[in-house]
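What follows is a short report on a single structure.
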Amino acid sequence: MGFTEEEVKALCDRFGKPYDDIQMWYGFYTVNGHAAYNPMSVAVAMKKERLEPVWAGSGAPYMLADYIGQKTSNVQKTVVSLLSGQLVPVDAAKFNSDLSEVISKDQVLMALLYLGYLTYDCGRVRIPNYEIHACFVECIVRITGE
């Protein structure tokens, strides 16, 4: 599930990190209505001097580029909405466990949710935090060459 809000607050106290910054960078996933944090990102952040994307260094953004680079079903327009902070409706029934056959916008959103790039709440998805937002931006730059 990840670290809970209470666990992250305790880690911030222990390592002298500002909780609000950690929350902005690595938090805001929701699991059963509760806040959850990526444990790898939080653990690395506790040891670093400055906050930066941790997940991006894992190679994960290469999969993201494959999905957000699709020109079908308004995927790119939806990504712009996500980057602007909007909650985007998604049909969870469209999830296809075969990630090699992701075609529709809803399938792309569900694949990104499955891979940890989005969080889900009441039929809508959003980018959970600044770390993942940075991954999206990096991928868009790579795709567009700008």
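Since we're looking at a predicted model, the values are computed, not measured.
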Which atom of [X] lies closest to which atom of [Y], heavy atoms considered:
{"X": "T78", "Y": "K105", "answer": "OG1-CD, 3.0 Å"}
{"X": "C12", "Y": "M46", "answer": "SG-CE, 3.8 Å"}
{"X": "L115", "Y": "Y67", "answer": "CD1-CE1, 3.6 Å"}
{"X": "R126", "Y": "L82", "answer": "CA-CD2, 3.8 Å"}
{"X": "D91", "Y": "M110", "answer": "O-CG, 4.1 Å"}
{"X": "Y26", "Y": "S41", "answer": "CD2-CB, 3.4 Å"}

message = Test side-chain contact (heavy atoms from CB on, under 4.5 Å) on Q23 and V8; report intermediate values, then the result.
response = CA-CA 8 Å; Q23 183 184 45; V8 173; over 6 Å; no
Single hit among L118, I127, V125, V79 for side-chain contact (heavy atoms from CB on, under 4.5 Å) with V88 =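 Output: one option passes, namely V125.
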Group every Ile, Leu, Val, Met, Phe, Trp and Tyr by side-chain heavy-atom contacts under 4.5 Å, then state whether [X] and [Y] land in the same group.
{"X": "L112", "Y": "Y130", "value": "yes"}
{"X": "F3", "Y": "M24", "value": "yes"}
{"X": "F28", "Y": "L109", "value": "no"}
{"X": "L113", "Y": "V75", "value": "yes"}
{"X": "V80", "Y": "V137", "value": "no"}

Just verifying a value: how many Å separate [X] [atom1] and [Y] [atom2], rounded to the nearest 0.5 Å?
{"X": "E138", "Y": "H133", "atom1": "CD", "atom2": "NE2", "result": "13.0 Å"}
{"X": "Q107", "Y": "Y114", "atom1": "CD", "atom2": "OH", "result": "15.0 Å"}
{"X": "C135", "Y": "L64", "atom1": "SG", "atom2": "CG", "result": "7.0 Å"}
{"X": "D21", "Y": "L51", "atom1": "CG", "atom2": "CG", "result": "6.0 Å"}
{"X": "Q76", "Y": "I140", "atom1": "CD", "atom2": "CD1", "result": "8.5 Å"}

Non-neighbouring partners of E52 that pass salt bridge (charged side-chain N to carboxylate O under 4.0 Å, His left out), sequence neighbours left out =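 E52 satisfies salt bridge (charged side-chain N to carboxylate O under 4.0 Å, His left out) with K48, R50 once adjacent residues are dropped.
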Salt bridge (charged side-chain N to carboxylate O under 4.0 Å, His left out) involving R14 - partner list, sequence neighbours excluded =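 Partners of R14 by the salt bridge (charged side-chain N to carboxylate O under 4.0 Å, His left out) criterion come out as none, since no residue qualifies.
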request  = Might you work through the side-chain contact (heavy atoms from CB on, under 4.5 Å) test for I132 and T119, ending with a clear yes or no?
outcome  = CA-CA 11 Å; I132 302 302; T119 190; over 6 Å; no
message = Let's go through H34 and T4 carefully: what are the C-alpha distance in whole Å and the side-chain angles of both, what is the deciding distance for side-chain contact (heavy atoms from CB on, under 4.5 Å) to 0.1 Å, and is it a yes or a no?
response = CA-CA 8 Å; H34 300 284; T4 65; over 6 Å; no
